[in-house]
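All chains are named by letter (A, B, ...) in the order of the sequence lines, taking the proteins before the strands, and each is independently numbered beginning at 1. Worth knowing before you read on, the calculation uses all heavy atoms, side chains too, and leaves out hydrogens, waters and symmetry mates.
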Amino acid sequence: MEFKDYYKILGVEPDAEKADIKSAYRKLARKHHPDLNPEPEAEARFKEVAEAWEVLGNAERRAEFDELRRYGGAQPGGFQPPPDWQSRATTGEETHFRGDFSDFFESVFGGGFESAAGRSQTRGGLRGQDIEIEMPVFLEETIEDTRKPIQYELPVVEDGRRTTRRKSLKVTIPAGVAEGERIRLKGQGAPGLGDAPDGDLYLHIRLVPHPLYDVEGHDLLLTVPLAPWEAALGAKITVPTLDGKISLTVAPGSQSGRKLRIRGKGLHRKPGRGDLFAVLKVVMPEIANDNTHRLWQELSDEAAFDPRAAWEVNA
Amino acid sequence: MSRSILHITVHELCEHEGISEQQVVTIVEHGIARPLRGRSARDWEFDTATAGWMQKALRLRRDLELDWIATAMLIDLLQQRDQLRTENQRLRQQLQRFLMAD
């Protein structure tokens with residue numbers, strides 16, 4: 001196994017004062033805490049830093065670690081603790097970090113520690129870990145209860161070794177779930193040890209960006225392209241919604257950017273549904289031939305419209 | 001087959017996180033979370049998204065050795081940041097639909 005040089009991990013000298021070690025730990029913990037830093041490697045880095053502090057922040061454990069470091073931190077072929085090694089360090093109140101410790105830590109300081117990640121001790125064993133996974137959901141799937149198959153990995157202990165097991169499940173995504181919600185499935189997390197209950201599975205909902213609609217709370221926004229003459233003369237157009245087509249009347253003289261409300265065609269809300277807003281966007285046709293060009297010219301002469309009249313440069 | 005649920009009781013939360021009911025009361029008193037229902041603390045239920053923030057608060061408080069006031073402020077700022085990110089992303093996407101690249 002790999003020898004962990006906790007001094008190097010915290011970036012301090014082996015003869016550093018406890019205050020300096022603590023300050024180094026705090027700085028790195030803030031930087032790499034997985035609740036603050038979304039980088040995928042942050043969690044592993046944070047665990048390493050917390051483990052280093054767990055050892056170097058406790059005088060007894062630090063003394064034992066120093067001994068091991070002298071004994072041969074960098075042996076070829078990996079580190080093995082001395083054959084008669086037994087940690088004397090007590091697990092005091094100073095143990096505040098409850099995460100997965102490395103094999104190195106377990107082999108050196110293990111035994112006296114509660115080493116299972118985030119588990120609470122109950123009579124007769126350890127409750128299984130809660131598992132949280134991201135669950136991408138399409139907007140269309142939020143309109144009604146939707147059954148979806150999922151696959152995820154569970155940390156398990158087999159023959160005393162930590163490993164993972166794949167699990168498949170069919171889950172119901174309840175109608176109206178929103179971005180950031182967490183669906184809880186009792187007992188579908190990691191198995192408990194002994195008689196203790198299994199952990200829970202949490203599905204963290206992520207709404208998949210839609211090619212047509214933008215989400216604003218419970219409302220949806222749809223950008224509707226219009227021909228200039230549709231905007232000028234008014235039109236009856238067909239608009240897609242999450243549950244079928246509807247017909248929409250555009251008033252004559254509609255401006256680009258105007259929002260038209262279509263009630264009850266947004267996302268689920270308790271009770272009812274949000275609205276769909278059609279946002280008009282006037283788009284230009286490619287000028288196809290001399291004839292259309294002539295017609296635009298005629299319109300320009302006839303309308304005598306200056307859209308920039310408010311600008312002083314035109315005065 | 002396990003049912004999809006969107007809440008957690010105060011009893012379950014305490015058991016899963018290894019915390020006391022009093023600590024949950026403290027979290028609520030600092031405005032980090034509001035119970036979904038339940039008149040007294042022992043009947044409280046939280047929605048699972050709120051429970052997620054409570055778990056985050058517990059982790060940050062423990063790992064960064066913060067007091068509850070700092071934890072509450074941090075959670076508040078993280079929530080604001082998340083909201084602004086989501087809003088920014090949505091506005092950008094909307095703008096994109098209106099603008100055209102040359």
Side-chain angles (χ1 to χ4, degrees), chain A residues 22 25-26 29-30 33-36 46 49-50 53 96-99 114 118-122 127 129-130 132 145 169-174 177-189 197 199-205 209-210 212 214-216 221-223 225 256-257 279 281 283, chain B residues 1-9 11-20 23 32 36 45-66 70-71 74-75 77-79 81-83 85-100:
Chain A
K22 186 168 197 168
Y25 160 71
R26 284 193 165 157
R30 268 206 311 270
H33 200 286
D35 287 319
L36 301 176
F46 174 75
V49 167
W53 171 241
H96 32 59
F97 172 65
R98 291 190 310 152
E114 184 201 332
R119 291 176 183 189
S120 50
Q121 193 100 37
T122 54
R127 179 179 177 268
Q129 210 179 318
D130 289 341
E132 178 142 358
D145 287 3
L169 209 62
K170 268 206 161 157
V171 298
T172 302
I173 309 294
V177 288
E179 175 79 19
E181 275 193 90
R182 296 160 86 226
I183 294 178
R184 179 177 168 223
L185 294 142
K186 269 194 205 179
Q188 300 293 349
D200 295 342
L201 173 69
Y202 284 94
L203 306 175
H204 195 136
I205 301 295
H210 196 279
L212 291 181
D214 297 319
V215 178
E216 197 175 304
L221 283 129
L222 168 70
T223 303
S256 206
V279 187
K281 176 190 179 186
V283 292
Chain B
M1 179 62 216
S2 156
R3 229 159 34 89
S4 302
I5 46 178
L6 292 165
H7 64 266
I8 184 165
T9 66
H11 175 73
E12 290 171 315
L13 190 67
C14 288
E15 200 179 287
H16 299 182
E17 298 303 313
I19 56 171
S20 67
Q23 274 174 296
I32 295 169
L36 191 63
E45 273 182 34
F46 295 90
D47 74 57
T48 40
T50 303
W53 282 106
M54 293 166 89
Q55 287 157 338
K56 214 174 251 206
L58 287 163
R59 283 193 298 263
L60 286 165
R61 180 173 167 276
R62 183 188 63 218
D63 298 337
L64 304 183
E65 298 172 1
L66 305 176
T71 308
L74 181 54
I75 292 294
L77 289 171
L78 285 176
Q79 286 173 338
R81 185 197 63 179
D82 280 8
Q83 271 166 20
R85 267 196 191 149
T86 311
E87 193 181 335
N88 189 29
Q89 207 181 3
R90 175 176 58 75
L91 291 172
R92 270 171 187 276
Q93 202 187 339
Q94 245 172 286
L95 193 60
Q96 216 56 46
R97 297 190 197 275
F98 256 81
L99 300 179
M100 251 188 267

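Residue contact with chain A, scored on non-hydrogen atoms closer than 4.5 Å, involves the side chain of B:Leu78 exclusively. B:Ile19 does not touch chain A: none of its heavy atoms, backbone or side chain, sits under 4.5 Å away. Contact annotation for B:Gln89: neither backbone nor side-chain heavy atoms come within less than 4.5 Å of a heavy atom of chain A. Neither the backbone nor the side chain of B:Gln83 comes within contact range of chain A, judged by heavy atoms closer than 4.5 Å. Heavy-atom distances place the backbone of A:Leu212, and not its side chain, under 4.5 Å from chain B. For A:Glu216, the parts lying near chain B are the backbone and the side chain together; criterion is any non-hydrogen pair under 4.5 Å.
The nearest pair of heavy atoms linking B:Phe98 to A:Lys281 is O-CE, 3.7 Å. Summarising the geometry of B:Arg3 relative to A:Leu185, their closest heavy-atom pair is O-CD2, 3.6 Å, with the distance given to 0.1 Å. The two residues A:Arg182 and B:Ala49 have their closest heavy-atom pair at CD-CA, 3.9 Å. Closest of all the heavy-atom pairs between A:His33 and B:Arg59 is NE2-O, 3.9 Å.
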Step by step, would you call B:Arg90 with A:Glu179 a salt bridge (Lys or Arg N to Asp or Glu O under 4.0 Å)? CA-CA 12 Å; B:Arg90 175 176 58 75; A:Glu179 175 79 19; over 6 Å; no

Side chain to side chain contact (heavy atoms under 4.5 Å, CB included) between A:Ile183 and B:Ile5, worked out: CA-CA 6 Å; A:Ile183 294 178; B:Ile5 46 178; over 6 Å; no

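Proximity of A:Leu36 to B:Leu64: side-chain heavy atoms (C-beta onward) are separated by under 4.5 Å at one or more points. When side chains are defined from C-beta on, B:His16 counts as touching A:Arg127, because their heavy atoms get closer than 4.5 Å. Within the 4.5 Å cutoff, the side chain of B:Thr86 has no heavy atoms near those of the A:Val215 side chain. Within the 4.5 Å cutoff, the side chain of B:Arg97 has no heavy atoms near those of the A:Leu221 side chain.
To the nearest 0.5 Å, the span separating CD1 on B:Ile75 from CG on A:Asp35 amounts to 7.5 Å.
Proximity of a side-chain donor or acceptor of B:Ser4 to a complementary backbone N or O of A:Thr172 within less than 3.5 Å is detected.
Donor-acceptor pairing under 3.5 Å is recorded for the side chains of A:Asp214 and B:Gln93.
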